[in-house]
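All values below come from the heavy atoms of this structure, side chains included, with hydrogens, waters and symmetry mates left out. Because the structure is a prediction, the values reported are computed rather than measured.
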Amino acid sequence: MRIATWNVNGLRARLDFVRFWLDDRRPDVVGFQELKLEDDGFPHEAFNELGYRVETYGQKSWNGVAIASRLPLAVERRGLPGQEEFGARLITARAGDLLFTTVYCPNGKDVDHADFPRKLGWFDALVALVAAESREGELAVLCGDFNIAPQPLDSWLGDKGDGRIFHTDGERQRFQALLDCGLHDLYRARHPDERAFSWWDYRGGAFHRGHGLRIDMVLGSPAVLARTADVWIDRDYRKKKEGLTASDHAPVIVELE
DNA sequence: ATGTCGGAATTATTCCGA
């Protein structure tokens, strides 16, 4: 089974690109972020034609998440309790035997911006939810755009990034708190010393200069880790395809036995 | 050069967010 997470940066603008990727990689379950459209406007037909059912939690203009699945799909939750006013950022569904959650975590903008403490509060609510809902032996996945580089190894800035937005102790403590709930960062578990990124700014030729961050993650419960055969970042899909513009994020793919 | 995108508000141009 192949699962994936991908921040598409606007599904309307990315639809042909996403279809091309789905047809090429054939994942079974995908968490999408930054749809930037309302649920009424979701292009279900395009996904159905490729064999996917989709559950969505969108809003106008910004944010928005969805789970597409070739396996039976039953939605369990839309929205992070107590944080709904911060945008459509979390959806959970059962996909086959997986309890699959995808999140678009707040960006925070800058360490001295009002959104930064709100970002930390959003993570505190996420940690509380994960802690309350985790069940022994469950095949649970929490994937998405976390907007945190957990270690210096996850940033092109290395330890020179420490203290900047995405690189602060406060953000890293929240990410660690998710791991302390029993989740594993599957990419890092599989590739302990690899410097690899999932996001590169559109500006300044960041992709070609290697100026990236690893902020898109697939976290898995111990049962998921035990079934993980491979984890890779689909960097090729950060490049233009057939003249179509890529998202600023690459998909992250996990192969499960 | 904070150099690019996507979307919205308004009508090809500006803003906002990332």
Heavy-atom pair with the smallest gap, counting every atom of A:Arg188 and A:Asp154: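 Nearest pair, atom of A:Arg188 first, then A:Asp154: NH2-OD1, 2.6 Å.
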In whole Å, I'd like the distance from the [atom1] atom of [X] to the [atom2] atom of [N].
X: A:Asn9; N: B:dG7; atom1: CG; atom2: C1'; answer: 10 Å
X: A:His249; N: B:dG6; atom1: NE2; atom2: P; answer: 13 Å
X: A:Asn107; N: B:dA18; atom1: CG; atom2: C1'; answer: 6 Å

Most 5' of A:Asn7 and A:Arg12 on DNA chain B, judged by nearest nucleotide: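 Checking each residue's closest nucleotide, the 5'-ward one belongs to A:Arg12.
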Closest-nucleotide 5' rank along DNA chain B - winner of A:Tyr202 and A:Leu35: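 The answer here is A:Tyr202.
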Go through [options] for me and flag the one nearest to the [X] side chain.
X: A:Arg209; options: B:dG6, B:dG3, B:dA18; value: B:dG3
X: A:Arg203; options: B:dT4, B:dC5, B:dC16; value: B:dT4
X: A:Ser61; options: B:dG7, B:dT4, B:dA18; value: B:dG7
X: A:Lys60; options: B:dA9, B:dC5, B:dG17; value: B:dA9

Point-to-point distance, once rounded to the nearest 0.5 Å, from CG of A:Leu129 to CZ of A:Phe123: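 That separation rounds to 13.0 Å.
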Sugar-phosphate, base or nothing in reach of A:Tyr104, heavy atoms under 4.0 Å: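 Sugar-phosphate contact only - A:Tyr104 comes under 4.0 Å of backbone atoms but never of a base.
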Polar side chain donor-acceptor pair, A:Asp234 to A:Trp21, under 3.5 angstrom: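 Side-chain D/A pair, A:Asp234 to A:Trp21: present.
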A:Arg214 and A:Asp185 ion-paired at < 4.0 Å: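 Yes, charged N to carboxylate O under 4.0 Å.
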